[in-house]
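Residue numbers run from 1 in the order of the sequence given.
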Amino acid sequence: MLRSGLAVLLLCAGTAALAQVPSGNSAPQPYPYPAPIAPPQDRPFPGTIALDIDATNPSQGIFDVKETIPVTASGDTVFFYPHWIPGNHAPSGQIEKLTGLTFRAGNTVLPWRRDPVNLFAFHIDVPAGTRKVEAAFQFVGAVKPDEGAVFTSPDLLRLQWISASLYPAGYFVRDIPVAATVKYPDGFTAVSAVPSTHTGQTYRYQLSNYEVLMDSPVLAGRYYKAYALTPRVTLDTFADKPEELVAKPEQIAAHTRLVEQAVKLFGAQHYDNYHFLLSISDQTSGSGLEHHRSSEDGTRPGYFTEWDSQIAARNLLPHEYTHSWDGKFRRAADLWVPAYDQPMRPGLLWVYEGQTQFWGYVLQARSGLVSKEDTLDQLAGIAAQLDTQPGRRWRALFDTTYDESLNARRPKGWASWQRGEEYYNEGLLIWLDADEVIRERSGGAKSIDDFARAFYGMRDGDYGELTYTVDDVVRTLNGVVPYDWAGFLDKRVNQTSSGAPLDGFTKGGYKLVYTDQPTKVSQQGARTRGADFTYSIGMGADSTGNVTGVLWDGPAFKAGLVVGAQLLAVGDGAYSPERLNAAITAAKGSNQPIRLVVKHNDQVKAVTIDYHGGLRYPHLVKTGTADGGLDRLLASK
C-alpha cells in the first residue's frame, strides 16, 4: 500500500509539473492560409489555346514553349503546370524543369507569383481589356539519369505535352481546346495518336482538347520504321541505329497476334487508332507509360536483333496495351480527376495495375510474344518474391497503392520489409486466383475472360473514361458467377498475411518449388541485375560485389549485411558471383558457414553466414497430366 500510494503521489506531482507551462515562452497562432484556388468546372473554355513548341535542340534536352491562352476577365488569373500525371499515380509533374517563365499581354510583361500553397500554380494580374495572354518558357529535360528520365538524344526524342504546357484554372481539361504546332530537328519523323500534317519539319496537330492532347505524346527520331499490325494498330519503332529497326516476319506476326488476342479478349477497342511508340535506345531512358490511343514503350538495344535474350522486355507492350482498356477507358472513380491539379486517390490500383499486370502475362503467352514455358518461369519468380516477403505481415496490399506518392520510386534499403508497389504483382496473383474460382464454380464453363468482356467490352471506339468503384467490380464478378466476391477481395486486399495468395497456381494445376537450377528467365535477369541469392542466403549482388538487396530476417540479414556494402572476398578468394555460388553449394549439408569479407563505408570485416540449404531458384511444376486452369488460361484463343 505504501509503494502504491507513493507512486500515485509522484504521478500527480509530475502531472502538475507538466501543467505549469513556464511563463515568457513564445506561443504563436497559425498564420492564415490564402483563399484556395477555385476548383475546376465542367464548362466550355472561351477560345482555343495555341501551343507552339520548338523541339529542335534534343542534344541539350531543351524544348522552347510559346503558348497563347485566351482570357475573359481582368485581375488575378491562375495558370497551372500539370502536377498529378495520369499513369504515374502520384504528384510527379516535373515543375523543377520549367525555366524562363514569362507572361505578356501584347508588349506588356505581366509579373507572376507562385501560389504559396499550390506550388504548381502561377498568378498574374491581367490588365482590363486583355483578350489573350502569351506565356513562354523552356522545359529543360534531363541529360543524364541522375537528373531524371532522359527523353532526348541527338537522334531521338520523346515529347510529353504534359511537361511542355500550362493550362488555365477553372475548367475541366477536356473542355479546353488546343491547337499544337511543333518544329522537329531536320531528318526527324514524328508520330502521335493525334493526327498531324507537316510542312518540312513543322507539324501541325489536329485540334483536340487538352486532356486528349496530354494523353497523346510524341515519339520522334531520325531512324524510324512503321509496322502495320492491324488496320487500327501500328507498331512505330524508333532507334539509335537503323539496324535495330529490322524485325523478322515471325516477330511482327507475334505482335499482330497480341492485338488480335486482346481484341478477342475484351470485345471492343477504345481507340480510333493505336500506336505502340517503341524506342530502342541506350541513349534515352527506358519507359512504359500507358495512354488511351498509344503507349510509350522504351527498351534497350536488341529488342528485335537479340530476341532470344530479351524475354523480360517483351512483357512491356502487352502490359501497356492492356491499359487502353484497364486504366484508361475503365478507370477507378477516385483515380479520375477533371484537371491535373486535383489529387488522385490510388486505392483501386490493384485493379488498374494489378489486373493489367495479370493480362499482360496472359496475352504475352496467348500471342506467342513469350513462350508459355518462359511465362510460367516469370510467374514463378513473382510468386516466390511475394511468398517470401516478410513485409506482408504488417502492411496490407491496399496500403501499397500509396507507395508511389510516399516514396516516388526511390531506392529502399529494406524493400522486403518496407514493401513497395506490390499492387502490380500481388494484384496479378489475386486475379489468377479469381480465374480459378470462376472456373471451379462454373464447372469450367466460364473464366476470367467472361469478366473481361463484361467489364471492358462496350462502346467500341470510345476513348473517354468510364469510371467504376469496388462495388462495380464485385457486381460484375457476381454477374459472371455468384460468390462472396466482396469477402474474397477484402481478405486479399485489405488484410495482412504471412504468405502470398497462391491458390491460382495450386488450383490451376501447378505448385511452386525450388531447385538448385535457375530458369532461363532468371539467368537473363542476372546478366542485367546481378546474381540473385534471395531464396538461399537472402541477398543479391552485382558482378562487382555491390550488395543490391538483403532479405529482412534472412541469413545475410542476420549476419549484418546491408544494401550498399561491397563483397570483397568469398572464402580465401576474391569475390565473384561464381565463387559465391560455389560456396553456397559447398555449404549444403555441412556445418561450415559461408565466409565473406565485406566493406561498408570505411570498415572492412569478416562475416559468416550460417546457411546450409544450398542454392534455391523458384519454378512452377505441373501437378497432374491433364491441362489445368492455368494451362487453359495461357492458351491462345
Side-chain angles (χ1 to χ4, degrees), residues 144-146 149 282 285-286 288 300 309 311-313 315 377-378 380-392 400 403-404 407-422 424-425 514 518-571 573-585 594-609 611 613 615-618:
K144 51 193 181 77
D146 63 359
D282 57 10
S285 299
R300 299 295 91 190
S309 62
I311 295 172
N315 178 252
D377 287 343
Q378 289 175 317
I382 289 170
Q385 185 268 326
L386 289 167
D387 199 43
T388 57
Q389 185 184 71
R392 306 181 75 261
T400 72
D403 204 73
E404 193 162 350
N407 188 62
R409 294 187 172 174
R410 292 185 294 269
K412 293 183 176 183
W414 304 107
S416 64
W417 184 241
Q418 293 167 276
R419 302 203 81 185
E421 296 169 44
E422 261 73 53
Y424 280 88
N425 282 336
Y514 296 86
T519 64
K520 179 171 65 174
V521 168
S522 62
Q523 287 175 320
Q524 288 188 11
R527 285 197 288 271
T528 57
R529 296 188 300 272
D532 185 3
F533 301 108
T534 300
Y535 308 110
S536 53
I537 60 175
M539 62 165 285
D542 65 18
S543 59
T544 66
N546 290 313
V547 176
T548 56
V550 177
L551 181 67
W552 185 270
D553 259 352
F557 175 94
K558 293 175 181 176
L561 269 71
V562 298
V563 170
Q566 185 174 15
L567 305 180
L568 301 179
V570 180
Y575 168 80
S576 70
E578 295 76 18
R579 185 165 279 127
L580 182 53
N581 187 303
I584 295 170
T585 301
I594 299 163
R595 296 184 296 112
L596 305 174
V597 177
V598 178
K599 179 181 179 181
H600 185 229
N601 297 327
D602 291 330
Q603 294 185 337
V604 176
K605 63 179 180 179
V607 170
T608 58
I609 298 179
Y611 171 78
L615 295 167
R616 298 177 79 243
Y617 298 99

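- With hydrogens and angles disregarded, no donor-acceptor distance shorter than 3.5 Å links the side chain of Asn601 to the backbone of Gln603.
- Classification of the Phe557-Trp414 ring pair by plane angle, with boundaries at 30° and 60°, yields perpendicular.
- Remark: the backbone N or O of Leu615 is not paired with any side-chain donor or acceptor of Tyr535 at under 3.5 angstrom.
- Taking OG1 of Thr400 as the reference point, atom CZ of Arg392 lies at 10.0 Å (rounded to 0.5 Å).
- Applying the 6.0 Å contact sphere to CG of Asp146 captures more than 12 heavy atoms from other residues, nucleotides or ligands.
- Annotation for Gly381 and Pro618: closest pair CA-CG, 4.1 Å, computed over non-hydrogen atoms.
- Heavy-atom minimum distance, Ala541 versus Tyr575: CB-OH, 3.6 Å.
- Taking CG of Asp542 as the reference point, atom CD of Gln566 lies at 8.5 Å (rounded to 0.5 Å).
- Within the 4.5 Å cutoff, side-chain heavy atoms of Val597 are placed close to those of Val604.
- Asp403 contributes atom CG, which lies 11.0 Å from atom OH of Tyr424 (distance to the nearest 0.5 angstrom).
- Rounding to the nearest 0.5 angstrom, the gap separating the NZ atom in Lys599 from the CG atom in Leu567 is 13.0 Å.
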Decide side chain to side chain contact (heavy atoms under 4.5 Å, CB included) for Asn407 and Gln418; before the verdict, give the C-alpha distance in whole Å, the side-chain angles of both, and the deciding distance to 0.1 Å. CA-CA 11 Å; Asn407 188 62; Gln418 293 167 276; 6.0 Å; no

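- Proximity of Ser416 to Pro390: side-chain heavy atoms (C-beta onward) are separated by under 4.5 Å at one or more points.
- Side-chain contact check for Leu580 versus Ile537: some heavy-atom pair is nearer than 4.5 Å.
- If you take CG on Leu596 and CZ on Arg579, they are separated by 12.0 Å, rounding to the nearest 0.5 Å.
- Contact record, Gly420 with Lys412: CA-NZ, 3.6 Å, taken as the closest heavy-atom pair.
- Taking CG of Leu386 as the reference point, atom CD of Glu422 lies at 6.0 Å (rounded to 0.5 Å).
- Heavy-atom contacts from other residues, nucleotides or ligands closer than 6.0 Å to CZ of Arg529 number 12 or fewer.
- Nearest heavy-atom pair across Val570 and Ala583 is CG1-CB, 3.7 Å.
- Contact record, Ile584 with Phe533: CD1-CD2, 3.5 Å, taken as the closest heavy-atom pair.
- Pairing each heavy atom of Asp553 with each of Lys558, the nearest pair is O-CE, 3.2 Å.
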